[in-house]
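Note that this is a predicted model, so its numbers are computed, not measured. Within every chain, numbering begins at 1; the chains are lettered A, B, ... in the order of the sequence lines, protein sequences first and strands thereafter.
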Amino acid sequence: MPELPKAYTPRDVEGAIYERWLAADVFAPDGAGSTADPTLEPFTIIQPPPNITGSLHLGHAQRTAVEDLMIRHARMRGHRALFLPGLDHASIAAQFVLDGILAKEGESRQSLGRERYLERMHEFVARTREVMLAQQRRVGASADWGRLRYTMDEGSANAVRVAFTRLYEKDLAYRTEALVNWCPGCQTSVSDLEVVATPETGTLWTIRYHLIDPATRAPEPEATISIATTRPETILGDTAVAVHPDDPRYAAFVGRLVRIPFVERDVPIIADEVVDRAFGSGAVKITPGHDHDDHATGLRHGLPAPTILADDGTIAGTGTRFDGLDRFAARAAIVAALEASGDLVKAEPHEMVVGRCQRSNDIIEPRLKTQWFIRTRPLAARALEATRSGATRILPERFEKTWEHWLTDIRDWNVSRQLWWGHRIPAWYCPDGHVTVSSEIDGPVACATCGRPATELQQDPDIFDTWFSSGLWPFSTLGWPDPTPDYATYYPTSVMETGYDIIFFWVARMMMLGIELTGTEPFHTVYLSGLIRDPLGQKMSKTKGNVVDPLGAIDASGADALRFAVIHGATPGNDQRFGPAKPEQARNFANKLWNATRYVVGARPTSIPAGAERRLPDERHLGPAERWLLSRATATTAAVDTAVAGYAFGELTRVLYRAIWSEYCDWGLELAKVRLSDQDLPVEVREATWWALVEVLDTYLRLLHPVMPFITEVLWATLPHRASDPDLLIVARWPGVGERDPEVERAVGTLIDLVTEIRNARASARLPAADWLETLVFVPPSLGPTFEALRPAIERLARARPLRRELTPEALTAATTPGDLAIIVGGGEIEVAVRVGRPDTTSVELDRDRLEHELAEAEGYLVVVRERLANDAFVSRAPAPVVEGARAREAELDDQVAKLRDRLGL
RNA sequence: GGGCGAUUGGCUCAGUCGGUUAGAGCGCACGGUUCACAUCCGUGAGGUCACUGGUUCGAAUCCAGUAUCGCCCACCA
């Protein structure tokens, strides 16, 4: 058995332990070191593959901790537990980062060209990849590195091609010209989800358009119609003016033409119910090429939809002097020109919502493009069915409402991106405009429609939205579309864990694509974590500079502490604030556990050889303290099981923290010390005590292992093991729940109170901490044997010796002398008189204060419980056990009050 | 405009099915070098559970409403 260093230094243990796990090949469910039971169902966890763009942040560390907790628990339960690690190529995010790097070098995407740009990208991700994998290991992820996957590897690429082809064949993917969200900064379209609605104060300009005189076909100087707009530059794309059909103000205008300035185009005034009569002037300009509403209106009325913007956001193709100007410069120039011509009626501040690019923060421009879309409605319907039927459960449940809402109103998903880094869309176009979609790695041999050879076909230059490949993750990583053994064994998966912020981006897409392509829900449970915020509750972001580096926290307090801290603070779906105090608390806990183990290992009776095989404590030699410890361990195991079953991982840490620190260390070890150090006791008794300590500590190390894997592994190695135990805790078996002993728990619990009360009296009376107190005590016969068995321990812990036991309350009263401190424990069950050597007035007064305080408290509670019992409705309608409980409580308080009053001479 | 969440000691948070005296950590006060641990030990103080009303024998917990903060969704120019 390895020696334990005196001081706990996380850094020294963690790296070495990880290497041991790797060497033992225990992470893979089918690894050489696995102890999984193949007859049990496999357990697979789906982790969001982190973006390969830089380094892990604290949120990743938290995710990893929770995922690893689940996988380690399942592994110890004997399931084939698969934690498949991965990385996401993060197409647009990666390009954004790389473009930033290139900009500093004076280069750009355009200056390099597609090929060289992609080379740079491969170099970049090769570096970040290693950093990120190392970080995951540092956190302790027991992932199966042999199955590591990447969304840009050949398996993913194949899955993407096959998935898209199948969707296309079922008409679930289609190509069409539509208004897409165009980001002039990123020079690509983005999906609706990537447009962030930002409230801003803009300007609402009111502008006069001149009506056309039907006779002269020239604009009339005086007859005008006023329209309101927040984007005057779109005037250049106007093809109509609309009014409400029932608006009497404009009834006479409908059907007439107006002249659009600058482009000098005459367009009709149309009637359409889309117009809000109350807004602005009640007349609205229609720009079908650059506005979603207007586009729909344009379709209803057969209006042309000219595009007036180039990809870079400059005005183009209008034939006006504004061509070539940036959209915002053009806006200013147009406003100035209108003002000069007298057609600008007014300009007023206006609260509005602007769509900005999630990535670059540029203002998104709707514009027409021919692109690929996924028909989401039928897919969404099946995803909804899965959650409604319970086939897939979302935790916490309240997110099902959000889920329902989004999937019910879902719009088709634009998957084309005009970027370079990503999976190329496997669609080829022939000169005649035929479309051929192929899942073949080398593309089609010929046009599917007219048979033109591949050499005459052009592949779509676009790539897929990065979430398209992520959406295939649960099955593409297991070999799909091939019927591999992994796919057969581990799919559908068990739990998918992620932050609630990507429920639509990712979870919904996996569900939709998974059900469609594999015919089954990709996982049975969606566990949504909250986000980590800084101590002030702000979202962590690089620009704010409040990002906590998980490695910094690990360096300071250890990976175990970081894991404990983030799991401790986590309630599913709720955000948590994170400051340095949390890992410190967890580190202290680890330190406590370390020292407790050191004590236990060092307290081994010499009659037990160092390498002894593990034995259960001999029942016949167990004292109440040992029975209490064993019973509490069973209670703790049950509580931990309940917490795990309910995904209440924060609760799990609290249960263990309390069990280990407040019970095992504070009382269990302290009670045991007395027996272990008493050389007069038979050796069998001391051995039984020690084996009980070992048994319970072993249980707690197992229970804590999924949360704090490193330290538990190290400590466990120093304990004697059973022949059936594996070498490593990581593959050891999860503890079973045994029988509790309520009698012992109650009795020992009361005696613990006794010790606490004596300490309290000592502190209140300001008696020196080091003094031994001479004490008389009455304990009822029911507690007698337990008391006698624990008397030496109680004496030592209360520092009260001799602790003279009186056999009746009367005897105690008779033996009490004036000046003794009085203590009433457990509702009057136990009474104590503490003899103060030289009763000085101060201590007597202080003690009186304490008793009066206790009396007031007890009387307060007594009033409450009596009122309740005086209520006939309560007595007759509350369940019997509750009423009985109240009665017992009343009797107890009554007794306590009487005794306290007696002691106070009242 | 819809929807969701939060509001519990000074701070950060738990609190399952409504049921004895609402818990923890940090902080605070007082006291401690007893051979596992000062990253510690002991004792204690501190809460009308945001507010209003309701349901109930009984509400931090369920219902309705209000307030404050936060988030998500949403094509009013």
- Message: Requiring both pairing distances under 3.5 angstrom, list the stems that contain RNA chain B and are made of three or more consecutive Watson-Crick or G-U pairs.
- Response: B:1-7 with B:67-73, B:10-13 with B:23-26, B:28-32 with B:40-44, B:50-54 with B:62-66
- Task: Name the nucleic acid region contacted by Ser677(A), choosing base, sugar-phosphate or nothing; use a 4.0 angstrom heavy-atom cut-off, strictly under.
- Result: nothing
- Message: Looking only at the side chains, is there a donor atom on one of Ser764(A) and Asn760(A) sitting less than 3.5 Å from an acceptor on the other?
- Response: yes
- Task: Give a yes-or-no answer on whether the side chains of Trp403(A) and Thr387(A) include a donor-acceptor pair shorter than 3.5 Å.
- Result: yes
- Item | Sugar-phosphate only, base, or nothing, as touched by Lys592(A) at under 4.0 Å among non-hydrogen atoms | base
- Item | Options U39(B), A36(B), U20(B), nucleotide nearest the side-chain atoms of Glu670(A) | A36(B)
- Just checking Lys673(A): base, sugar-phosphate only, or nothing, at a heavy-atom cut-off of under 4.0 Å? base
- Query: Any idea which heavy atoms bring Ala240(A) and Leu303(A) closest together, and the distance?
  - Reply: CB-CD1, 3.6 Å
- Message: Starting the side chain at C-beta, find the nucleotide from U21(B), G3(B), C71(B) nearest to Val864(A).
- Response: U21(B)
- Item | Nearest-angstrom distance, C1' atom, U56(B) to C62(B) | 10 Å
- Task: Could you please name the option among A74(B), U12(B), A45(B) that lies closest to any side-chain atom of Arg577(A)?
- Result: U12(B)
- Touch check for Glu651(A), heavy atoms < 4.0 angstrom, all strands: base, sugar-phosphate only, or nothing? sugar-phosphate
Any protein N or O atoms within reach of nucleotides 24-26 of chain B? Criterion: under 3.5 Å, listing atom names and distances.
residue: G25(B); atom: O2'; partner: Gln585(A); partner atom: OE1; Å: 3.1

- Task: May I ask you to say what Asp294(A) touches in the nucleic acid, namely base, sugar-phosphate or nothing, with a heavy-atom cut-off under 4.0 Å?
- Result: nothing
- Query: Contact class for Thr642(A) (heavy atom, under 4.0 Å): base, sugar-phosphate, or nothing?
  - Reply: nothing
- Item | Shortest side-chain distance from Asp666(A), nucleotide among A77(B), G42(B), U21(B) | G42(B)
- Task: Indicate, with a heavy-atom threshold strictly under 4.0 Å, whether His290(A) touches base, sugar-phosphate, or nothing.
- Result: nothing
- Query: So what does Pro879(A) touch, heavy atoms closer than 4.0 Å: a base, only the sugar-phosphate, or nothing?
  - Reply: base
- Message: Quick check on Glu397(A): does its CD atom have over 12 non-hydrogen neighbours (other residues, nucleotides or ligands) under 6.0 Å away?
- Response: no
- Which one, U34(B), C57(B), A36(B), comes nearest to the side chain of Arg799(A)? U34(B)
- Message: For a quick check of understanding: with a heavy-atom distance under 4.0 Å over all strands, which category does Asn760(A) fall into, base, sugar-phosphate or nothing?
- Response: sugar-phosphate
- For Arg889(A), report the nucleic acid contact type (base, sugar-phosphate, nothing); a contact means any heavy atom under 4.0 Å. base
- Phe505(A) or Trp667(A): which one's nearest nucleotide on RNA chain B is closer to the 5' end? Trp667(A)
- Correct closest heavy-atom pair for Val865(A) and Ala886(A) would be CG2-O, 3.5 Å
- Note on the structure: Comparing Arg587(A) with Glu757(A), nearest RNA chain B nucleotide closer to 5' gives the residue Arg587(A)
- Task: Answer with base, sugar-phosphate or nothing: what part of the nucleic acid does Ala886(A) contact at a heavy-atom distance below 4.0 Å?
- Result: nothing
- Item | Atom pair distance, as rounded to whole Å: CZ in Arg762(A) and C1' in C41(B) | 13 Å
